[in-house]
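These notes concern the structure reproduced below.
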Amino acid sequence: MSYDVIVLGLGAMGSAAAQHLAQRSKRVLGIEQFTSPHDKGSSHGASRMIRQAYSESPAYIPLVLRAYELWGKLEQDTGQRLLNITGGLILGSSDGALVTRGIAAAEQHGINYRVYKPHEIRERFPAIRPLESDIAVHEERAGYLFPEECIRAQLKVAAQHGAELHFEEKIQSWTADASGVRVTTNRAAYEAERLVITAGPWANESLREFFPLKVTRQVMAWIQPAGGIEPFLADHFPVFLSESSDGRPLGYGFPAIDGPLGGVKAAVHGSNIECTPETIDREIHESDVLNVFNNLKSRFPALGAGRSLRAQTCLYTMTPDEHFVIGRHPEFEPVSIACGFSGHGFKFAQVVGEILADLATFGTTSHPIELFSPLRFRSNQH
Ligand SMILES: Cc1cc2nc3c(=O)[nH]c(=O)nc-3n(C[C@H](O)[C@H](O)[C@H](O)COP(=O)(O)OP(=O)(O)OC[C@H]3O[C@@H](n4cnc5c(N)ncnc54)[C@H](O)[C@@H]3O)c2cc1C
């Protein structure tokens, strides 16, 4: 049998693409090397932040607003809770890059936000001890997604609309020409009119010569705060980004979403330990957890003095400019790609699925994706 579209990889982006394509009545074959969700790629760990005052670039804001709509629709379609709005804080010095860019992005796109001074931060969020030079940008509509549930929901809707989903099957090679694509796996060969590549940290296996993608090891830690979990519970504690003014990498974290014994998940954005999904050291070392504690202890003393309950590794797939790669393949017309999500892609999965369905159906999309052009790295090649 021949398909309209084959989707390579059914993680966050691939399962969303399969869902949107199937909802458009395309004959979809999704192929995943493991089961999905799983904990070997980039989409595990129980929570992913979603926020609108996007300091990375205002260009993301129309996309994230559409993602909110689509996550809401997916919740309705499946009757599952995928998103929890808790509010979100960007904490940092008033002239910090993240804080100022977050405010500028919110102003430009009319995103509701409020700025707290140090005494207001202490009053509203007693678990936070701001520095005297700090401000906090509070965004009401920020919160977190449940990534594993999101992926399950995307796969469920894809299957309900007729997508054929193969698990424990690895795509070993593919070819493409004007007549379509041929894909070979460890089990069989398949043909389709189009191929969508959403391989996450495995993207270098088939795209290495086109994009400079760097895969890095990240660590998430679940911390039992000193003095108890109460100040961190999700009905009054927000998701947060914490920017230092002394060059330390960005710390971030979530409310305690698993009740009194589940801890507070926190991490440091920006470890540069390069690896591949095969070579990553998945063991947790004392230094991994200390890194998280040390990063957070000045503004979150109860976390800094807390106890690590558990920790887990995860993978970022970084581009040089930390913006995504989404578009048509530079050389093979029937192939679209979405990769290089640089540690901030999950919240967009629903809209990326819609964009990939547009690209595979019409060859183009009305969503603003110029920033993500696969062609922007061309001059870097060879
Ligand atoms: C610690 C950490 C924290 C993060 N926090 C946030 C956050 O708060 N907010 C946010 O928006 N983003 C966050 N991100 C980023 C976000 O999670 C990722 O950008 C996103 O999950 C990437 O999805 P993906 O589909 O590209 O990759 P994945 O979900 O890893 O999917 C790729 C899939 O392709 C499959 N595959 C690959 N090659 C093949 C093949 N040849 N054959 C078959 N299957 C194949 C893989 O098995 C995998 O399932 C975080 C990431 C990490 C690691």
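Ligands are counted one by one from 1 in listed order, and the atoms in each one are counted from 1 as well. All values reported here derive from a predicted model rather than from experimental measurement.
For the salt bridge (Lys or Arg N to Asp or Glu O under 4.0 Å) condition, the pairs that include at least one residue of residues 147-160, sequence neighbours left out, are Glu149-Arg152. Counting only residues at least two apart or in different chains, salt bridge (Lys or Arg N to Asp or Glu O under 4.0 Å) contacts with residues 244-259 comprise Asp246-Arg248.
For Asp95, the salt bridge (Lys or Arg N to Asp or Glu O under 4.0 Å) criterion is met by no residue, not counting sequence neighbours.
A perpendicular orientation is assigned to the rings of Phe237 and Phe300, their planes being inclined by more than 60° (bins at 30° and 60°).
Between Ile369 and Ile326 the shortest heavy-atom distance is CD1-O, 4.0 Å.
Using a 4.0 Å cut-off between charged nitrogen and carboxylate oxygen, Arg66 and Glu354 count as a salt-bridge pair.
Sorted by chain and number, the heavy-atom contacts of ligand 1 below 4.0 Å come from Leu8, Gly9, Gly11, Ala12, Met13, Ile31, Glu32, Gln33, Phe34, His38, Gly41, Ser42, Ser43, Arg48, Met49, Glu169, Lys170, Ile171, Thr198, Ala199, Gly200, Pro201, Trp202, Met220, Tyr252, Phe254, Cys314, Leu315, Tyr316, Phe341, Gly343, His344, Gly345, Phe346, Lys347.
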